[in-house]
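I have placed the structure first, in the form of C-alpha cells, so that the comments after it can refer back to it.
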Amino acid sequence: MAASSPSLLLPLSSASRNGLAIKNPNSSRYIATRVIASETRDKSCKINSLSSRREAMLLVLGVSGGLSMSSLAAYAAGLPPEDKPRLCEAECEKELENVPMVTTESGLQYKDIKVGTGPSPPVGFQVAANYVAMVPSGQIFDSSLEKGLPYLFRVGSGQVIKGLDEGILSMKAGGKRRLYIPGPLAFPKGLTSAPGRPRVAPNSPVVFDVSLEFIPGLDSEEE
C-alpha cells in the first residue's frame, strides 16, 4: 500500500520538486522581498552611522534590538522562526541528555525517548509512525505532525530512507526514539531548500524523532 500523504522520506531526487524556488511575482515571498528592498533604501542613510554590521542588518530587517541571532539566521536563509510541533520538547531534550546512545553496525545511532510496550514490526509490515525530521542544527525540514496524520509505509521495504527503516524495525509499538542517521543512510541526492525548510546536502547526516504509533493488523492480532 502506498504512503498516506506526500513526504520527503523517500531517498529519491523526485522529492526535491517541492523545493523549487518561487518565481511567481504575486507570491508572498516575492512581495516581501520587494517591501524589504524598499525599506532598505529608506534606511540606508541611517545604516552608515551604525557601529557594527550586525546592527545594520537588524535595522534593515526592521527588527533592531528584538531578534535573536538564531531567528536572524533563519530570516536570512528565507526561513520563518522555528515554532513547529515537536515529538521532543524542552523537558524531553533535557532528559535525553542522560539517555545512553546505542550505535548499530551500520553506523546508525539512537536514543530511546520512550520504550514501547507493543509488538515490533516484522519486515514488510505496514506501520503508522509520526516523525519530525531535522538537520543536525535542529531546524525541521519535514514533519508528519504538520500534516496532521501518521505516515504509513511498509517498513524494511525501501519505501523510506535506510536509517529510518532500520531504526523503526527494532522499536516496539507505542515507543518513541531519536535517530541520528549518518549520511550514507540518509538522502543520497539531498533535498533542496524551500520556504520554511532548510537544505539537506547530499549524503549529510540528519536527525529523526520517531513515534511508532501502531502496526495495522498486528496490533489487533496481539489484542
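By convention here, the first residue in the shown sequence is residue 1.
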Kindly indicate whether the side chain of [X], heavy atoms from C-beta on, has any atom under 4.5 Å from the side chain of [Y].
X      : Y      : answer
Ile181 : Pro205 : no
Phe208 : Tyr110 : no
Val207 : Leu179 : no
Ile215 : Pro119 : yes
Glu93  : Cys88  : yes
Lys84  : Glu146 : yes
Tyr131 : Leu145 : no
Val200 : Val206 : yes

>> Working note: Leu96 + Glu91, criterion side-chain contact (heavy atoms from CB on, under 4.5 Å); need CA distance, chi angles, decisive distance, verdict.
In response: CA-CA 9 Å; Leu96 204 58; Glu91 187 63 30; over 6 Å; no

> With hydrophobic residues grouped by side-chain heavy-atom distances under 4.5 Å, do Met101 and Val115 end up in a single group?
Replying inline: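 Result: no, two separate clusters.
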
>> Please check this pair: side chain of Ser120 against backbone of Met171, looking for a donor-acceptor N/O pair closer than 3.5 Å.
In response: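 Yes, Ser120 side chain to Met171 backbone: donor-acceptor pair under 3.5 Å.
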
> Any donor-acceptor pair under 3.5 Å linking the side chain of Gln109 with the backbone of Tyr180?
Replying inline: no

Mind listing the closest non-hydrogen atom pair of [X] and [Y] along with its distance?
X      : Y      : result
Val155 : Pro121 : CG1-CB, 3.9 Å
Leu218 : Pro122 : CD2-CD, 3.7 Å
Ala128 : Leu152 : CB-CD2, 3.3 Å
Ser144 : Asn130 : OG-OD1, 2.8 Å
Glu166 : Thr104 : OE2-OG1, 2.7 Å
Leu108 : Pro182 : CA-CD, 3.9 Å

> Does NZ belonging to Lys114 count more than 12 external heavy atoms closer than 6.0 Å?
Replying inline: no

>> Show, in sequence, the C-alpha distance, side-chain angles and deciding distance for Val127 and Phe153, and conclude whether the side-chain contact (heavy atoms from CB on, under 4.5 Å) test is met.
In response: CA-CA 6 Å; Val127 298; Phe153 66 97; 3.7 Å; yes

Euclidean distance, [Y] [atom2] relative to [X] [atom1], rounded to 0.5 Å:
X      : Y      : atom1 : atom2 : answer
Leu191 : Arg199 : CG    : CZ    : 9.5 Å
Leu87  : Ser143 : CG    : OG    : 7.0 Å
Thr192 : Phe141 : OG1   : CZ    : 12.0 Å
Ser157 : Gln126 : OG    : CD    : 10.5 Å
Asp165 : Leu169 : CG    : CG    : 6.0 Å
Leu212 : Ser170 : CG    : OG    : 10.0 Å

>> Test of understanding: with salt bridge (charged side-chain N to carboxylate O under 4.0 Å, His left out), list the residues that count as partners of Asp112, not counting sequence neighbours.
In response: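 Checked Asp112 against salt bridge (charged side-chain N to carboxylate O under 4.0 Å, His left out); matches are Arg177.
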
>> My understanding is that only residues two or more places apart in sequence, or in another chain, count here; which of them pass salt bridge (charged side-chain N to carboxylate O under 4.0 Å, His left out) with Glu95?
In response: none

> After noting the C-alpha distance and the side-chain angles of Val210 and Ile168, does the key distance pass the side-chain contact (heavy atoms from CB on, under 4.5 Å) rule?
Replying inline: CA-CA 8 Å; Val210 184; Ile168 286 185; 3.6 Å; yes

>> Can you pull out every salt bridge (Lys or Arg N to Asp or Glu O under 4.0 Å) where at least one residue sits in residues 200-210? Sequence neighbours excluded, please.
In response: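 Only Arg178-Asp209 qualify under salt bridge (Lys or Arg N to Asp or Glu O under 4.0 Å).
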
> Would Ser106 and Leu185 satisfy side-chain contact (heavy atoms from CB on, under 4.5 Å), going step by step from the backbone distance to the final call?
Replying inline: CA-CA 8 Å; Ser106 70; Leu185 303 180; 3.5 Å; yes

